[in-house]
Peer 1: 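Sharing a structure, written as structure tokens. Questions coming.
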Amino acid sequence: MLSRKLTMRFYRQSGTDLAKGLIGKVLVHRIEGIDLRGRIVETEAYLGPEDLASHSSRGRTKRTEVMFGPAGHAYVYFIYGMYEMFNIVAGRTGQAHAVLIRAAEPLDGWTADLSGPGKLARAFRITRADNGIDLTGDKLFLLGAPNDRPELAVTKRVGVEYARHWKDAPLRFFDARSPAVSKPRSL
DNA sequence: GCGTCGATGGCA
DNA sequence: GCCATCGACGCG
């Protein structure tokens, strides 16, 4: 089956629906004529300013600016002094929904450990230089996978214990059959 | 196989 | 001071 590039229309779903919908899709980074490719197996949804776990809950700042923009763009930020995190803006413009890509399975015989958001971004060579780029372009983009039928599982998000009543929200999604999912498979 | 902890820098 | 993390280390 021919895989088509995901469109703006697809990215305009709510953060929750996009996070679910991205499981099984293929992430591609075209770099120096080589395509790095991985099958996404784990995501988390962040639901805008009211979501206390989302960076957008602190309002619109230089860092969070792209999250408030149109869907289908990369939001990449730096954390813990050494990791980049790759997110995809979702929903309607101004809604500031986003999906964190947490894990993937490497394709094409690529041997890389993509089990965790820090490791994934590093292996895919995604950095803050990619912040704000349009994911319907030819550099960094996603492909559909028509025959891929992941077994969807849900838990609370990782590392958001500070987020008060949002900390236990069931917004982490993963393919229950994938060995590449990062640590916890239940609450 | 667990829990704990240090690295390391941008951000509000 | 706090982090949407990771890997090294100590335990027994």
Side-chain angles (χ1 to χ4, degrees), chain A residues 11 13-23 25 27 29 36 38 40-69 71-91 95-106 111-133 135 140 142 152-175 178-187:
Chain A
Y11 293 118
Q13 302 180 81
S14 73
T16 305
D17 289 339
L18 184 64
K20 292 179 193 169
L22 286 176
I23 303 298
K25 301 297 190 283
L27 173 62
H29 194 188
L36 297 176
I40 295 171
V41 298
E42 181 182 346
T43 60
E44 281 176 357
Y46 288 84
L47 303 182
E50 65 174 29
D51 176 359
L52 298 178
S54 174
H55 294 167
S56 62
S57 69
R58 311 260 203 131
R60 193 168 183 146
T61 68
K62 186 163 194 172
R63 179 173 64 156
T64 62
E65 186 67 29
V66 312
M67 257 199 291
F68 287 86
H73 290 250
Y75 168 47
V76 185
Y77 66 89
F78 185 66
I79 193 158
Y80 298 123
M82 54 185 102
Y83 298 109
E84 317 270 349
M85 298 281 142
F86 172 53
N87 301 253
I88 297 175
V89 180
Q95 207 173 14
H97 282 201
V99 175
L100 171 65
I101 308 302
R102 290 192 54 88
E105 296 167 352
T111 57
D113 180 0
L114 309 177
S115 303
K119 290 189 282 188
L120 181 148
R122 189 182 53 203
F124 266 99
R125 295 198 248 167
I126 295 170
T127 72
R128 282 162 287 171
D130 299 304
N131 189 43
I133 79 173
L135 299 174
L140 183 61
L142 286 88
L152 215 58
V154 188
T155 68
K156 67 180 188 178
R157 294 170 292 183
V158 174
V160 298
E161 291 305 304
Y162 60 88
R164 319 237 310 233
H165 60 286
W166 281 88
K167 74 181 174 63
D168 295 318
L171 294 175
R172 171 172 173 257
F173 304 95
F174 58 91
D175 179 357
S178 176
V181 170
S182 76
K183 292 287 74 160
R185 286 176 183 268
S186 58
L187 317 184

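Proteins come first, then strands; the chains are lettered A, B, ... in the order of their sequence lines, and each starts at number 1.
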Peer 1: Report yes if at least one side-chain N or O of A:Arg122 is closer than 4.0 Å to OP1 or OP2 of C:dC6; otherwise report no.
Peer 2: no
Peer 1: Measure the distance from OH on A:Tyr77 to P on B:dA12 and round it to the nearest whole Å.
Peer 2: 13 Å
Peer 1: Report the residue (A:Arg128 or A:Met82) whose heavy-atom-nearest nucleotide on DNA chain B is the more 5′ of the two.
Peer 2: A:Met82
Peer 1: For a quick check of understanding: with a heavy-atom distance under 4.0 Å over all strands, which category does A:Arg157 fall into, base, sugar-phosphate or nothing?
Peer 2: nothing
Peer 1: Between C:dC2 atom P and A:Arg63 atom CZ, what is the distance in whole Å?
Peer 2: 16 Å
Peer 1: Identify which nucleotide among B:dG10, C:dC6, C:dA4 has an atom closest to any side-chain atom of A:Lys119, counting heavy atoms from C-beta outward.
Peer 2: C:dC6
Peer 1: Determine the contact category for A:Arg172: base if any of its heavy atoms lies under 4.0 Å from a base atom, sugar-phosphate if only primed atoms, P, OP1 or OP2 are that close, otherwise nothing.
Peer 2: nothing
Peer 1: Just call it for A:Gly118: base, sugar-phosphate, or nothing, with non-hydrogen atoms closer than 4.0 Å on any strand.
Peer 2: sugar-phosphate
Peer 1: Which pair of non-hydrogen atoms, one from A:Ala103 and one from A:Ala180, has the smallest distance, and what is that distance?
Peer 2: CB-O, 3.5 Å
Peer 1: Taking everything shown except A:Arg185 itself, do over 12 heavy atoms lie less than 6.0 Å from its CZ?
Peer 2: yes
Peer 1: Using a 3.5 Å distance criterion without hydrogens, assess whether the side chain of A:Glu105 forms a donor-acceptor pair with backbone atoms of A:Ser178.
Peer 2: no
Peer 1: Does the B:dA7 base have a donor-acceptor partner in the side chain of A:Tyr80 within less than 3.5 Å?
Peer 2: no
Peer 1: Using whole Å, report how far CG of A:Asn131 lies from P of B:dC11.
Peer 2: 10 Å
Peer 1: How long is the line joining CD1 of A:Ile79 and P of C:dG1, in whole Å?
Peer 2: 18 Å
Peer 1: Counting Watson-Crick and G-U wobble pairs only, both distances under 3.5 Å, name the nucleotide matched with C:dA4, or none.
Peer 2: none
Peer 1: Expressed in angstrom and rounded to an integer, what is the separation of A:Phe86 atom CZ from C:dT5 atom C1'?
Peer 2: 18 Å
Peer 1: Does a side-chain N or O from A:Arg60 land closer than 4.0 Å to OP1 or OP2 of B:dA12, or not?
Peer 2: no
Peer 1: Starting from P on C:dC3, measure out to NZ on A:Lys167 and report it in whole angstrom.
Peer 2: 14 Å
Peer 1: Taking everything shown except A:Arg58 itself, do over 12 heavy atoms lie less than 6.0 Å from its CZ?
Peer 2: no
Peer 1: Look through every strand shown and name the nucleotide pairing with C:dC11 as Watson-Crick or G-U wobble, where both distances are under 3.5 Å.
Peer 2: B:dG1
Peer 1: Does C:dA4 have OP1 or OP2 under 4.0 Å away from a side-chain N or O of A:Tyr162?
Peer 2: yes
Peer 1: Rounded to whole angstroms, how far apart are OH on A:Tyr75 and P on C:dA4?
Peer 2: 9 Å
Peer 1: Could you say whether the aromatic ring of A:Tyr46 and the base of C:dA4 stack, counting only centre distances under 5.5 Å and plane angles under 30°?
Peer 2: yes
Peer 1: Select base, sugar-phosphate, or nothing to describe what A:Thr61 touches, counting heavy atoms under 4.0 Å on all strands.
Peer 2: sugar-phosphate
Peer 1: Please answer whether the main-chain N or O of A:Gly132 pairs with a side-chain N or O of A:His73 as donor and acceptor at a distance below 3.5 Å.
Peer 2: yes
Peer 1: With rounding to the nearest 0.5 angstrom, report the CE to NE2 distance, A:Met67 to A:His55.
Peer 2: 6.5 Å
Peer 1: Whole-Å distance between B:dC11 C1' and A:Met67 CE?
Peer 2: 13 Å
Peer 1: Please tell me if A:Tyr83 has a side-chain N or O lying less than 4.0 Å from either OP1 or OP2 of C:dT5.
Peer 2: no
Peer 1: Using a 4.0 Å heavy-atom cut-off, does A:Lys62 contact any base of the nucleic acid, only the sugar-phosphate backbone, or nothing at all?
Peer 2: nothing
